[in-house]
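Have a look at the structure below before the remarks.
Since this is a predicted model, take the numbers as computed values, not measurements.
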Amino acid sequence: MEYFKAVMLVIFAYLMGSIPWGFIIGKAKGIDVRTVGSKNIGATNVTRCVGKAAGKLCFALDFAKGALPVFAAQKLIGCGFISMPQAWQVYVVIAVLLATVLGHMFPVFLKFHGGKGVSTAAGAVVALAPVALLTALVVWVVVFLVSRYVSLASISAAAVLPVAAWVLYLIGFGSELARTPEVRVFLILIALLTIIRHRTNIQRLLQGTENRFGKKSE
């Protein structure tokens with residue numbers, strides 16, 4: 001029964017991650033964001049094609065749908081609703097986090113064509129390793145302010161995230177869960193997945209054709 005509860009929690013996380021807020025917000029304004037700009041359902045394209053307020057709302061909702069399932073998983077395990085050996089608890093939380101991010105990247109509601117997962121992954125990781133995420137966020141801001149490339153900032157932050165988690169582990173900082181080897185390895189996986197989802201942006205950056213934020217998207 002406990003493992004059934006865990007599986008249902010993972011399914012719930014995937015479905016929540018699959019909610020395409022960018023698409024919904026765009027449609028509410030009469031715009032299908034999948035057909036304009038970068039054709040991405042994330043906050044950056046929503047900001048460019050729908051408006052700043054819409055983009056901020058999209059980011060907040062994508063962030064929240066990443067954070068809530070992970071917070072819920074930790075709470076349900078902590079209060080004993082899902083009771084299982086401690087060795088398995090970290091895997092349940094990791095599975096929930098991964099399901100949430102994959103839901104955004106491959107949403108069942110949009111025939112598995114979703115976004116790049118940056119906002120949702122950030123929300124999920126903040127519930128798991130907030131200090132490492134804060135470090136990555138600082139890197140994102142610095143790279144963005146210098147380059148004005150959202151994609152480059154996101155790629156840089158993704159690359160820094162597992163490094164920050166490893167350094168924090170070495171100095172003994174952060175929650176017990178965040179310092180486990182399973183979580184550190186998983187953060188590497190999340191970083192790689194995020195970078196892979198930006199492969200077309202990487203190609204454009206190398207070719208010098210990537211659009212800076214504030215300019216008309218391709």
Side-chain angles (χ1 to χ4, degrees), residues 10-73 96-128 130 133-134 136-137 140-141 143-145 147-158 161 190 193-201 204 210-218:
V10 171
I11 293 174
F12 165 77
Y14 170 76
L15 292 175
M16 177 166 281
S18 288
I19 300 174
W21 287 117
F23 173 76
I24 293 171
I25 292 169
K27 275 294 187 179
K29 297 290 187 178
I31 300 172
D32 186 344
V33 294
R34 300 173 302 173
T35 64
V36 294
S38 64
K39 300 178 175 60
N40 190 274
I41 64 170
T44 300
N45 196 42
V46 171
T47 300
R48 283 172 170 158
C49 301
V50 184
K52 291 183 178 179
K56 290 177 180 178
L57 177 61
C58 179
F59 173 83
L61 290 172
D62 282 347
F63 186 93
K65 78 180 184 182
L68 290 177
V70 181
F71 275 125
V96 167
L97 196 160
L98 181 60
T100 305
V101 175
L102 290 178
H104 179 81
M105 292 181 174
F106 309 101
V108 65
F109 305 121
L110 291 182
K111 298 181 179 179
F112 307 104
H113 296 290
K116 294 174 181 175
V118 175
S119 301
T120 302
V125 172
V126 77
L128 189 63
L133 179 68
L134 180 60
L137 177 61
W140 190 99
V141 171
V143 174
F144 173 72
L145 290 177
S147 69
R148 305 302 294 181
Y149 288 122
V150 173
S151 58
L152 182 60
S154 299
I155 293 165
S156 301
L161 180 62
I190 286 292
L193 190 58
T194 301
I195 292 171
I196 290 171
R197 291 290 288 179
H198 281 83
R199 60 189 180 278
T200 56
N201 301 89
R204 291 195 294 269
E210 178 75 327
N211 291 288
R212 287 186 169 87
F213 191 80
K215 295 185 177 182
K216 187 177 179 181
S217 180
E218 69 279 15

Arg34 side chain vs Ile41 backbone, donor-acceptor pair below 3.5 Å: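 Here the side-chain-to-backbone pair does not exist.
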Side-chain (Arg204) to main-chain (Asn211) donor-acceptor, under 3.5 angstrom: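 Judged by distance alone, no pair lies under 3.5 Å.
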Give me the atom names and distance for the closest heavy-atom approach of [X] to [Y].
| X | Y | answer |
| --- | --- | --- |
| Ala158 | Ile195 | CB-CG1, 4.2 Å |
| Val70 | Gly66 | CG2-O, 3.6 Å |
| Phe144 | Val150 | CE1-CG2, 3.7 Å |
| Ala122 | Leu133 | O-CD2, 3.1 Å |
| Ala54 | Val50 | CB-CG1, 3.5 Å |
| Val101 | Ala121 | CG2-CA, 3.8 Å |

How many angstroms lie between [atom1] in [X] and [atom2] in [Y], if you round to the nearest 0.5 Å?
| X | Y | atom1 | atom2 | answer |
| --- | --- | --- | --- | --- |
| Thr194 | Lys116 | OG1 | NZ | 11.0 Å |
| His198 | Glu210 | NE2 | CD | 8.5 Å |
| Ile31 | Phe23 | CD1 | CZ | 12.5 Å |
| Cys49 | Asn40 | SG | CG | 10.0 Å |
| Thr100 | Met105 | OG1 | CE | 11.5 Å |
| Leu161 | Leu137 | CG | CG | 11.0 Å |

Derivation and outcome, side-chain contact (heavy atoms from CB on, under 4.5 Å), residues Val46 and Leu57: CA-CA 9 Å; Val46 171; Leu57 177 61; over 6 Å; no
Inter- and intrachain pairs under side chain to side chain donor-acceptor pair (under 3.5 Å), touching residues 10-30, at least two apart: none
Side chain to side chain, Ile24 and Leu61, heavy atoms closer than 4.5 Å: no
Salt bridge (charged side-chain N to carboxylate O under 4.0 Å, His left out) involving Lys65 - partner list, sequence neighbours excluded: Asp62
Verdict with reasoning, Val118 to Thr44, per side-chain contact (heavy atoms from CB on, under 4.5 Å): CA-CA 10 Å; Val118 175; Thr44 300; over 6 Å; no
Between Ser154 and Trp140: side-chain donor-acceptor atoms closer than 3.5 Å: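 Present: a donor and an acceptor within the cut-off.
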